[in-house]
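Everything below concerns the one structure shown next.
By convention in this document, chain letters (A, B, ...) are assigned in the order of the sequence lines, proteins followed by strands, and residues within each chain are numbered from 1. Everything numeric here is computed off the predicted structure, so don't read it as measured data.
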Number of protein chains: 2
Amino acid sequence: MSRQLTEMLKGTLEGIVLAILSGRPAHGYEITAWLRAHGFADIAEGTVYALLVRVERRGLVDVRKVPSEKGPPRKVYSLSPQGRKDLDEFWKTWAFLAEKLQRLRKGDK
Amino acid sequence: MSRQLTEMLKGTLEGIVLAILSGRPAHGYEITAWLRAHGFADIAEGTVYALLVRVERRGLVDVRKVPSEKGPPRKVYSLSPQGRKDLDEFWKTWAFLAEKLQRLRKGDK
DNA sequence: ACTGGTACCTAGCAACACCGAATAGTTGCG
DNA sequence: CGCAACTATTCGGTGTTGCTAGGTACCAGT
């Protein structure tokens, strides 16, 4: 992984995961697979699980244990009301930063 | 500072500073002032100086000590060839991430 | 018995931005 | 003169984050 992308993901990965969950509930393995399939080829699996633990502890997601036919039971996460608020905030913050960077790129130096 | 913006700045602040330097050489205090004037009102001063030390150690910038009429001597930073390469990479990485997020925002979940 | 896919977890690490403070030179004001 | 205010840089300690590199567990097919 490039150092730059690693650093940029700090802060955005959480938003990305919340955004995924805003569409539908999902479990960790599924989220990892989604990321891999959508261009984030080498996000470490452990990273996703650690992130989910964090957002759960903060009350941004609700968890439901669901038995799986294959392998150990799944932990299915869904966005909580607080998580929805956080996601809103995330998009605002992202928009702010994206706007600044766009200007900067166009020579506003 | 919002926690979210703080985390998002990780990785991007370095790109922002390099982008500023790509326009013209500048010293730390000046860069801080520029940031404050352009919407990044509460980026800690110490943060900028620490960042400059890092990019200098990595060879992304050249430094020139210039006596100031006011206060201690300035350290004027300018983008090195390596820094220009890094800045290019930064924009590519940013574009990658921005594209992913844009899709995500538009319901590609 | 063994491989491979599913599914989750953990400890230790490095990088980054923040906070709070210190240092040092110059100008201006009471 | 003394002291605030501005210029300009540095530093130690903190918390959050993603990565590395494993481990655990369950099941199906060979």
Exercise. Reckon B:R57 touches a base, only the sugar-phosphate, or nothing at all at heavy-atom distances under 4.0 Å?
Worked result: nothing
For this session: For B:G11, answer base if it contacts any base atom (sugar-phosphate contacts may also be present), sugar-phosphate if it contacts only those atoms, and nothing otherwise; contact means non-hydrogen atoms under 4.0 Å.
Result: sugar-phosphate
Problem set entry | A:G71 vs A:A44, nearer the 5' end of DNA chain D by closest nucleotide | A:A44
Problem set entry | Distance in Å, A:S22 OG paired with A:W91 CH2, rounded so as to fall on 0.5 Å steps | 8.5 Å
Seminar exercise, completed: As a check of understanding: the bend across the helix from C:dA1-D:dT30 to C:dG30-D:dC1, end axes from five pairs, rounded to 10 degrees, works out to 10°
Exercise. What nucleic acid atoms does B:T47 come within less than 4.0 Å of, heavy atoms only: base, sugar-phosphate, or nothing?
Worked result: base
Exercise. With no hydrogens and no angle check, is any side-chain donor or acceptor of B:E7 less than 3.5 Å from a backbone partner on A:K10?
Worked result: no
Seminar exercise, completed: Nt span of DNA chain D in reach of chain A heavy atoms at under 4.0 Å, 5' end first, is D:dT17 to D:dC27
Exercise. If you measure from CD on B:Q82 to CG on B:L87, what distance do you get to the nearest 0.5 Å?
Worked result: 11.5 Å
Exercise. Starting at the 5' end of DNA chain C and moving along, which residue's nearest nucleotide shows up first, A:Y29 or B:L5?
Worked result: A:Y29
Problem set entry | From A:L79 atom CG to A:I20 atom CD1, the distance as rounded to the nearest 0.5 Å | 11.5 Å
For this session: Output yes when A:R3 and B:E89 qualify as a salt bridge under the 4.0 Å nitrogen-oxygen rule, no when they do not.
Result: no
Exercise. Do any N or O atoms from the side chain of B:R74 and from the backbone of B:V66 form a donor-acceptor pair under 3.5 angstrom?
Worked result: no
For this session: Measure the CG-CD distance between B:L51 and B:E56 for me, rounded to the nearest 0.5 Å.
Result: 12.0 Å
Exercise. When we call it a touch if two heavy atoms are under 4.0 Å apart, what does B:E14 touch: a base, just sugar-phosphate, or nothing?
Worked result: sugar-phosphate
Seminar exercise, completed: The reported gap from CG in B:L52 to OG1 in B:T32 (rounded to nearest 0.5 angstrom) is 7.5 Å
Seminar exercise, completed: Comparing A:E45 with B:S68, nearest DNA chain C nucleotide closer to 5' gives the residue A:E45
Exercise. Between A:K75 and A:E30, is there a salt bridge with N-O shorter than 4.0 Å?
Worked result: no
Problem set entry | Outermost nucleotides of DNA chain C that come under 4.0 Å of a non-hydrogen atom of chain A | C:dT6 to C:dC16
Problem set entry | Verdict with supporting geometry, B:F40 and A:F96, ring pair (Phe, Tyr, Trp, His ring centres under 6.0 Å) | CA-CA 10 Å; B:F40 299 100; A:F96 169 83; 5.7 Å; yes
Exercise. Heavy-atom count around A:R64 CZ within 6.0 Å, excluding the residue itself: above 12?
Worked result: no
